Protein chains: 2
Amino acid sequence: MSPTPRRISTSTAVLPADGRRQNLSLVLQTLRRLGPTSRAQLAREVGVTKVTMSDLVAELIGEGRVRDVGTAEQAGPGKPATLVDLDRSGLLTLAVDLSVPARLQAAVVDVTGTVLHREERAAAVDAGQGRGLDPAVVVELVRSVLATAQHPVLGIGIGTPGLVAPDGTVRTAPNLGWTDVALRELVAEATGVPVLVTNDSDAATQAELSTSPASQDMVLVQVGRGVGCGVVSGGRLVRGAHHAAGEIGHVTVGTDGGETCSCGRAGCLETWLSVPRLRAALDAGDDPAAADSVAEVGGHRLAVALAPLVAALDLSEVVLAGPAALLEPVVPVVARSLADRLLPSLDTPLTVRLATSPEDIVLRGAAALVLWDRLGVV
Amino acid sequence: MSPTPRRISTSTAVLPADGRRQNLSLVLQTLRRLGPTSRAQLAREVGVTKVTMSDLVAELIGEGRVRDVGTAEQAGPGKPATLVDLDRSGLLTLAVDLSVPARLQAAVVDVTGTVLHREERAAAVDAGQGRGLDPAVVVELVRSVLATAQHPVLGIGIGTPGLVAPDGTVRTAPNLGWTDVALRELVAEATGVPVLVTNDSDAATQAELSTSPASQDMVLVQVGRGVGCGVVSGGRLVRGAHHAAGEIGHVTVGTDGGETCSCGRAGCLETWLSVPRLRAALDAGDDPAAADSVAEVGGHRLAVALAPLVAALDLSEVVLAGPAALLEPVVPVVARSLADRLLPSLDTPLTVRLATSPEDIVLRGAAALVLWDRLGVV
DNA sequence: TTGGTTAGTAAAGAGTACTAACTAAAGATC
DNA sequence: GATCTTTAGTTAGTACTCTTTACTAACCAA
């Protein structure tokens with residue numbers, strides 16, 4: 001029983017055509033991972049015969065998703081390989097980042113995550129006065145960027161703060177002053193392009209997962225105005241029972257009270273750790289000890305909240321995303337406090353680090369999610 | 001993009017034969033869920049044509065896994081259905097529960113989770129004196145029960161405390177005094193039957209998942225000598241980076257110290273909540289207030305530990321497994337404390353409850369895991 | 001030149017599920 | 001009572017997917 005049979009995870013029947021589609025996706029994924037590759041090599045990687053791989057590649061070339069990129073220099077005996085690769089111009093996506101209202105961004109992103117063209121808008125949001133973000137601003141921004149794309153885009157991915165329903169409606173987003181905004185519908189109707197709306201932390205997590213696919217079990221904590229996270233377990237982004245996974249900002253941390261939070265309760269994680277708080281401490285005095293102390297307390301509280309999560313899910317990585325300068329001093333505090341509160345792992349120890357490339361992390365993640373949704377490319 | 005295409009989750013190619021196997025599994029799963037069913041109904045449930053379903057059923061009948069159970073009483077116009085059902089006698093498993101050394105259990109379990117025959121052994125384990133459980137006892141117990149099975153068993157499932165490696169080796173199990181015991185290998189060689197070894201909490205969680213398949217996102221907390229848990233996210237049991245998911249007993253809970261734990265640190269969850277502690281409080285005095293107080297404190301601390309997990313994974317259920325009499329008073333405490341520490345859910349509120357049928361929960365879970373591993377039956 | 005190795009293609013075959021058309025058996029309708 | 005309608009299940013033929021086997025093409029090494 002040890003060699004567990006290859007198990008497929010679906011709740012509906014699997015037809016041969018479904019398998020074919022999966023195999024086509026695998027080819028694209030493999031190409032994304034390896035770059036230009038021969039058909040023979042692809043066949044070995046994916047686990048089909050050369051014959052089948054030639055057929056799969058031919059289909060992808062016919063669709064304009066893959067193209068021939070010439071002959072490899074021979075590296076030994078035998079006929080030199082003819083390499084194929086993703087057709088980058090055929091895999092453009094439009095990514096939108098709404099996480100910072102003062103700096104709404106949209107960009108054309110290629111399959112490697114490179115931003116080809118970017119535009120920004122500034123929006124003033126004051127939820128307290130009932131002045132939310134006008135969705136028309138988002139639609140205009142998307143249209144403007146879409147017009148600059150050199151090739152048709154595969155889809156539009158939007159990373160937004162707040163809770164997003166599976167149908168692409170933003171249930172609630174306090175930072176944007178939104179309640180039940182049918183964002184997917186609005187943008188899709190305005191553009192005629194498929195639209196995917198996700199939470200910004202989930203997008204960031206997907207970006208991290210795509211760039212460093214080593215960690216199959218991790219949590220990415222995004223520190224901004226508030227605190228959110230994305231959880232990856234077994235290589236899959238956790239969605240949750242109500243599509244609200246990752247909303248840890250208003251979890252009470254500790255058993256000794258704390259400051260009163262905007263949500264009305266005391267000791268929420270956001271009251272201990274947030275960008276405004278870290279920045280204020282940095283700006284306030286010339287006393288570096290004060291800033292250190294805020295980082296110390298915030299990092300400790302984050303570790304208190306994360307410890308049960310890390311233990312219960314047996315995570316191997318904790319990643320912090322946000323302003324690097326502010327979070328840099330937090331990392332060792334989190335690492336130390338987590339070590340204090342957990343049994344040491346038998347094998348590889350827990351890694352705590354900053355996100356590999358925090359810039360445009362939401363944009364890249366939104367683009368990656370579109371690729372995943374449209375092509376099954378991880 | 002809203003109708004997300006049917007996505008298969010594998011990292012290797014999907015051959016037609018893989019799809020076929022999945023579809024056969026789906027038939028078994030559906031029969032388990034619905035009981036005796038017609039081929040036409042199965043076809044509608046699984047999502048294939050009647051023709052294909054007849055073929056699938058014929059194969060399963062040929063293997064002795066499904067059998068004809070006569071004609072249905074006509075419930076309307078049309079030819080009456082000929083019903084088929086799982087052949088329960090052909091789907092026996094042998095389940096073993098090592099979670100309580102003083103009461104090692106093994107049983108023949110049928111596909112419904114009914115225990116057909118059971119045997120027990122008592123073992124004295126004193127890890128402090130280096131006297132661990134002799135694996136030969138387990139082998140003898142398994143052999144004894146196996147001899148009583150009326151039909152060949154599909155596999156042997158063992159639920160054991162401690163950390164289990166994917167190859168079926170028990171890495172460490174303090175309660176049994178075990179370190180690196182190749183349990184799967186030992187039992188497999190002694191019996192010639194496929195063996196699956198899992199953590200006891202994981203087995204219990206699988207049992208709960210099988211009996212009430214409603215909750216796709218839940219945590220089951222097993223309270224015994226220590227505290228362990230099984231996490232289900234998106235309907236899947238979480239394994240973790242080092243196959244150590246669920247080990248929350250030695251997570252520090254709270255920010256205000258606590259008793260010293262056997263692991264050497266202070267404030268571990270196990271120091272706040274455990275069966276010995278609850279029982280001692282119940283037995284100690286005639287003062288019911290004392291027992292209440294222990295349940296109060298233990299339940300509160302459990303909620304403190306679970307809150308970040310529930311929020312981050314957006315769980316919909318928290319299930320407590322263990323001695324019902326002791327845990328009964330803990331449930332409302334956990335529910336209240338969790339509500340205090342979390343933002344209320346927009347939709348269905350969080351459910352906190354006892355396991356539906358705590359008796360034999362590890363045995364049933366181990367059996368269910370064998371069915372899953374051998375047949376893909378959930 | 002000859003032999004060995006690797007890439008890629010061609011033809012034939014096995015497996016899977018489909019559609020179309022059938023039989024069987026019941027209730028409904030005239 | 002005869003005929004229509006409905007549902008279950010089977011038979012025959014078809015399309016699709018991947019495989020095995022056998023081939024050509026192109027290179028290195030001796």
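What you see below is based on every heavy atom in this structure, not just the backbone, and it leaves out hydrogens, waters and symmetry mates. Lettering of chains follows the sequences in order, A, B, ..., and the numbering in each one begins at 1. A quick note: this is a predicted structure, and the numbers were derived from the prediction, not measured.
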Find the distance Leu24(B):CG to dG15(C):C1' and express it as a whole number of Å.
13 Å
Heavy-atom side-chain proximity of Thr169(B) to Val164(B) below 4.5 angstrom:
no
Where the side chain of Pro80(A) is defined as all heavy atoms beyond and including C-beta, which of dC18(D), dG9(D), dA26(D) is the nearest nucleotide?
dA26(D)
Is the shortest side-chain N/O distance from Arg20(B) to OP1 or OP2 of dA17(C) below 4.0 Å?
yes
OP1, OP2 of dT17(D) versus side-chain N and O of Asn23(A): anything below 4.0 Å?
no
The nucleotide from dT5(C), dA26(D), dT19(D) with an atom nearest the side chain of Val51(A) is dT19(D)
Rounded to the Å, how far apart are Arg21(B) CZ and dG15(C) C1'?
14 Å
Does dA7(C) have OP1 or OP2 under 4.0 Å away from a side-chain N or O of Arg44(A)?
yes
Considering only dT17(D), dC18(C), dA8(D), which nucleotide approaches the side chain of Pro16(B) most closely?
dT17(D)
Considering only dT9(C), dA17(C), dG9(D), which nucleotide approaches the side chain of Ser38(B) most closely?
dG9(D)
Tell me whether the OP1 or OP2 atom of dA8(D) has a side-chain N or O from Thr82(B) closer than 4.0 Å.
no
Rounded to the Å, how far apart are Leu83(A) CG and dT6(C) P?
17 Å
Go through dT5(C), dG8(C), dG9(D) for me and flag the one nearest to the Pro77(A) side chain.
dT5(C)
Determine whether any donor atom in the side chain of Lys79(A) lies under 3.5 Å from an acceptor atom in the base of dG8(C), or the reverse, and answer yes or no.
no
With the threshold set at under 4.0 Å for non-hydrogen atoms, list the residues of residues 52-64 of chain B touching DNA chain C in residue-number order.
Thr52(B)
